[in-house]
Amino acid sequence: MNERFASLEEYTPGEQPQDKKYIKLNTNESPYPPSKSVLRAVTKKEISDLRLYCDPECKKLKAEMAKLFGFNGENIFISNGSDDILNFAFMAYGTKGAAYPDITYGFYSVFAQLHGVQSEIIPLKDDFTIDVEQFKNKGKLVVIANPNAPTGIALSLKQIEEIVKANQDSVVLIDEAYVDFGGESCCKLTQKYENLLCVGTFSKSRSLAGGRLGFAIANEKLIADLEKIKYSTNPYNINRLTQITGTATMKDNAYCLSNCRKIIKTRQWVTDELISLGFTVLPSKANFVFVKSDKISGLKLYEELKSKGVLVRHFEKDKIRDFNRITIGTDKEMKILINKIKEIL
Ligand code: PMP
């Protein structure tokens with residue numbers, strides 16, 4: 001293999017056990033199934049049509065998204081999960097390097113390595129917030145998850161605008177995978193700033209992680225760049241069933257909003273419970289909480305919970321090895337989690 005790839009440190013996805021039944025709170029999926037309209041959309045005819053290639057332009061899905069988000073089709077890019085867009089962005093805009101926080105989504109550094117992009121890794125402040133000043137005038141690709149992962153802490157729209165405004169000679173990618181759980185989306189700012197690439201996903205608030213559907217909203221020039229890369233790699237990257245289920249999901253936005261409200265409410269309950277058990281819980285605007293206890297190490301808690309049938313996410317990494325990231329599930333799942341934690345403590 002090409003030397004460059006042989007030495008790559010690849011991304012490690014969260015565990016996806018296919019055998020034992022766990023309460024799965026480790027990869028920030030929605031605990032709620034896709035909308036009923038999704039089930040109705042997957043008809044026998046659609047299955048039979050799988051013999052045909054899918055629409056490379058995803059016209060129906062794009063039209064539905066344009067309607068809901070209030071944009072034109074040429075301002076929307078659709079991808080096979082938002083990871084695809086992150087990949088394309090490092091490929092397209094990383095020539096002068098990329099700046100991102102030290103504690104953030106682990107795939108950024110993998111894409112940087114994959115495309116030979118020089119990384120400037122900017123430490124979070126001691127309270128795990130992003131130091132906005134450090135992200136100004138970078139002269140290179142800037143990548144920020146907002147809310148950040150795995151901390152769950154969000155920047156305000158005003159702070160995001162400051163960063164975008166102070167980097168007008170380079171692309172600023174705001175990864176909004178978790179924005180629907182209480183953050184403020186910057187998508188409207190793309191009408192004002194040509195350098196802003198706002199990235200979203202159907203994997204979290206829209207219950208379609210397994211369908212693999214991501215999107216970007218941006219100025220038409222940035223969208224055209226992404227399309228060029230897509231058409232140079234895999235034009236049929238959104239399969240038929242995903243286009244159909246994605247379109248049906250968009251048509252039932254009320255269901256998504258209602259699930260988000262439920263998750264926010266459950267998040268508050270879990271936060272209060274964990275604090276009363278002595279945990280430190282970072283202020284989350286995402287569908288997970290990032291927590292640590294002085295009574296038990298992060299790794300031990302992860303292992304003990306796993307042995308009791310509850311999967312959470314542990315990162316054996318400097319600055320955060322005391323923590324675990326816990327996805328917000330249903331109320332019932334979270335009650336079990338809290339009981340198991342009480343038993344362990
Ligand atoms: N961004 C962040 C911050 C994430 O946590 C994830 C989920 N692992 C993604 C992007 C990618 O999500 P997907 O490819 O499922 O859209």
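Every number for a ligand or one of its atoms is a count from 1 in the order of the listing. All values derive from a computational prediction rather than experimental measurement. Numbering of residues begins at 1 and proceeds along the displayed sequence.
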**Prompt:** Who are the ring pair (Phe, Tyr, Trp, His ring centres under 6.0 Å) partners of Phe69, not counting sequence neighbours?
**Reply:**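 By the ring pair (Phe, Tyr, Trp, His ring centres under 6.0 Å) rule, Phe69 matches Phe215.
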**Those residues that, when tested against Tyr178, pass ring pair (Phe, Tyr, Trp, His ring centres under 6.0 Å) (two or more places apart)** = Phe288
**Request:** Check the angle between the aromatic planes of Phe128 and Phe290 and answer parallel, tilted or perpendicular using the 30° and 60° thresholds.
**Result:**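 Perpendicular, since the angle between the ring planes exceeds 60°.
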**Request:** Could you tell me whether the side chains of Asn26 and Arg325 share a donor-acceptor contact shorter than 3.5 Å?
**Result:** no
**Request:** Supply the atom-to-atom distance Ser82 OG to Leu213 CG, rounded to the nearest 0.5 angstrom.
**Result:**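 Those atoms lie 9.5 Å apart.
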**Message:** Can you list every protein residue that has a heavy atom under 4.0 Å from any atom of ligand 1, sorted by chain and residue number?
**Reply:**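 Residues near ligand 1: Gly81, Ser82, Asp83, Tyr105, Asp175, Ala177, Tyr178, Thr201, Ser203, Lys204, Arg212.
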**Request:** Any pair with a residue in residues 101-122 that passes side-chain hydrogen bond (donor to acceptor under 3.5 Å, both in side chains), sequence neighbours left out, goes on the list, sorted by first then second residue, please.
**Result:** Asp83-Tyr105, Asn87-His115, Tyr100-Ser119, Asp102-Lys319, Thr104-Asn148, Tyr108-Asp175, Glu120-Lys138, Glu120-Lys140
